[in-house]
Amino acid sequence: MISGTMTRRRMIAISAATVGMALLPPHGKAAPTAVTWQGEAMGAQASIVIHHPDRALALTLINDVVAEVRRLERIFSLYLDDSDLTHLNHQRFLIAPPRELVDILQQCRDVWLLTGGAFDPTVQPLWEAYRRHFSTPGASEAGPSRQVVRECLGCVGLENVTCSPDRIELSEPGAALTLNGIAQGYVTDRVVDLLKAGGIERSMVNMGESRAIGSAPGDRPWRVGVSDPLDSAQILKILEVEDRAVATSSPFGFRFDAEGRFSHIIDPRSGATPQRHASVTVVAGQAALADALSTAFNLMDAAAIAASVHGNAGVEVHTLSHEGGWTRIRA
């Protein structure tokens, strides 16, 4: 799963330039005047597009949303020294944790179980091992030694994390969490909740992962283009969505070595960085679920993905092979 720096393939709402996806205009329709915001959230380019006749209300909602995003960053960020996640990783425990941290860890556990451990936020020690290795001058091109990987794997495993509203604890010395494979989706879902509570019926929210509220202008689906993972200007596939979230992950987002053998998507079960797919796109009702699954499914073959998707109505997966072929998997 993804860890370390935020290198996730991202999406675009109207004109926010990111990598991996693009929000396309509805068929034959020019988008009406909209209230837009562009900035950063959880280390990713982010945007909000609101279609509402009351511009003042829309601007107020955007201000509220940005304040909420900054609050969540102070909980989930790996890179803020005073974030709750940083304190947890440093101390290996947290008393009276924020309810959002408890909630996101429960969602992590759900996806961990669903994917047979392919998604696991305790993967962070492995990411750090790869980073340290390839940051060392003259490091072996073969990657970290088997001993180093084995030692890190001893710290990995969500079964070693105790989580309750009163306390979160990492039982293994050297353990650490990353939420980089789910936090952008979680924040996107929170923003959607706020906008809906404010009466917004049409919007495209992108906090690193995208989720549509209602339909696009003209009562047509939002059109989301999936980009070539090696050339974001090239749209390879178009998905039409309403009230759905879309997330894409690719091993091409970041690689530790110059040859590109070691990807940022690390298998927490083996410590390896397999590159089974060129990219994986997941459509789901919730952005956090789409985010986490797109990460995990990069580490799984089609049969394992189908088994995970089975019984999860509304989840749709599009895998892109390294040869350029698409496979669609649905519940």
Side-chain angles (χ1 to χ4, degrees), residues 1-10 18-20 43-44 78-79 89 115-158 172-182 184 208 227-234 236 247-281 291-292 294-302 304-305 319-325 327:
M1 60 177 292
I2 290 178
S3 182
T5 53
M6 299 307 300
T7 51
R8 171 62 58 86
R9 299 285 170 172
R10 298 162 188 158
T18 55
V19 179
L78 268 178
Y79 310 108
N89 284 342
T115 61
F119 181 85
D120 191 331
T122 67
V123 74
Q124 184 64 14
L126 284 164
W127 194 93
E128 282 294 332
Y130 278 95
R131 182 195 63 78
R132 286 194 303 268
H133 177 83
F134 285 107
S135 296
T136 303
S140 169
E141 296 180 355
S145 69
R146 291 183 180 180
Q147 179 180 347
V148 168
V149 172
R150 280 197 301 268
E151 290 173 355
C152 291
L153 286 171
C155 306
V156 173
L158 196 54
E172 291 295 325
L177 299 179
T178 173
L179 298 173
N180 287 353
I182 191 172
Q184 291 176 351
S227 301
D228 184 330
L230 293 176
D231 181 2
S232 62
Q234 298 297 317
L236 301 180
T248 294
S249 294
S250 168
F252 294 112
F254 171 78
R255 296 183 178 188
F256 290 99
D257 60 320
E259 290 74 23
R261 295 172 55 200
F262 297 94
S263 158
H264 65 124
I265 302 181
I266 303 171
D267 194 326
R269 301 163 297 184
S270 67
T273 63
Q275 299 178 33
R276 291 181 177 273
H277 312 284
S279 75
V280 176
T281 298
D291 191 2
S294 70
T295 299
F297 288 166
N298 267 278
L299 301 169
M300 301 164 63
D301 61 24
I305 292 172
T319 64
L320 175 64
S321 73
H322 292 283
E323 293 72 35
T327 299

Query raised in the report: Do you know which two heavy atoms are closest between Leu299 and Ala118, and how far apart they sit?
Result: CD1-O, 3.6 Å

Query raised in the report: Taking atom CZ of Phe134 and atom CG of Asp257, what is their separation to the nearest 0.5 Å?
Result: 4.5 Å

Requested in this report: Identify the heavy atoms of Met300 and His277 that sit nearest to each other, and give their distance.
Outcome: O-NE2, 2.8 Å

Requested in this report: Could you tell me whether a side-chain N or O of Ser249 sits under 3.5 Å from a main-chain N or O of Val280, the two making a donor and an acceptor?
Outcome: no

Query raised in the report: More than 12 foreign heavy atoms under 6.0 Å from CD of Glu259: is that the case here?
Result: yes

Query raised in the report: Quick one: does Trp127's side chain get under 4.5 Å of Asn180's, heavy atoms only?
Result: no

Query - Qualifying ring pair (Phe, Tyr, Trp, His ring centres under 6.0 Å) pairs, either residue in residues 138-158, two or more places apart - result: none

Query raised in the report: Below 4.5 Å, heavy atoms only, C-beta onward: do Cys155 and Thr122 meet side chain to side chain?
Result: no

Report task. Can you measure from CD (Glu128) to NE2 (His133) and round to the nearest 0.5 angstrom? Result -> 14.5 Å

Report summary line: Between Ala304 and Asp301, the two heavy atoms sitting closest are N-OD1, 2.8 Å

Query raised in the report: When the ring planes of His264 and Phe254 are compared, do they come out parallel, tilted or perpendicular, using 30° and 60° as the limits?
Result: perpendicular

Requested in this report: Please round to the nearest 0.5 Å and tell me the distance separating atom CG of Leu177 and atom CG of Leu78.
Outcome: 8.5 Å

Report summary line: Distance col, row Arg150:CZ vs Ser270:OG, nearest 0.5 angstrom, shows 13.5 Å

Report task. Please report the closest heavy-atom contact between Gly181 and Thr295, naming both atoms and the distance. Result -> O-OG1, 3.8 Å

Query raised in the report: Which atoms form the tightest heavy-atom contact between Leu236 and Leu320, and what is the distance?
Result: CD1-CD2, 3.8 Å

Report task. Determine yes or no for a side-chain-to-main-chain donor-acceptor pair under 3.5 angstrom, with Ser279 supplying the side chain and Ser250 the backbone. Result -> no

Report task. State the CG-CD1 distance between Asn298 and Ile265, to the nearest 0.5 angstrom. Result -> 4.0 Å

**Report entry** Aromatic ring pairing His322/Phe252, orientation class (parallel under 30°, perpendicular over 60°, tilted between)
**Finding:** perpendicular

Query raised in the report: Does any N or O in the side chain of Tyr130 come within less than 3.5 Å of the main-chain N or O of Ser263, such that one atom is a donor and the other an acceptor?
Result: no

Query raised in the report: Quick one: does Thr136's side chain have a donor or acceptor within less than 3.5 Å of a partner on Ala139's backbone?
Result: no

Requested in this report: Would you name the heavy atoms of Ala176 and Gln124 that are closest together and state the gap between them?
Outcome: O-CB, 3.6 Å

Query raised in the report: Does Phe297 have any ring-ring contact (aromatic ring centres under 6.0 Å, His included) partners at least two apart in sequence or in another chain, and if so, which?
Result: none

Report task. State, yes or no, whether a side-chain contact exists between Asp267 and Pro274 at a heavy-atom distance under 4.5 Å. Result -> yes

Query - Atom pair CZ (Arg276) and OG1 (Thr319), whose distance is rounded to the nearest 0.5 Å - result: 11.5 Å

Query - Flag, side chain of Arg261 to backbone of Gly143, donor-acceptor distance under 3.5 Å - result: no

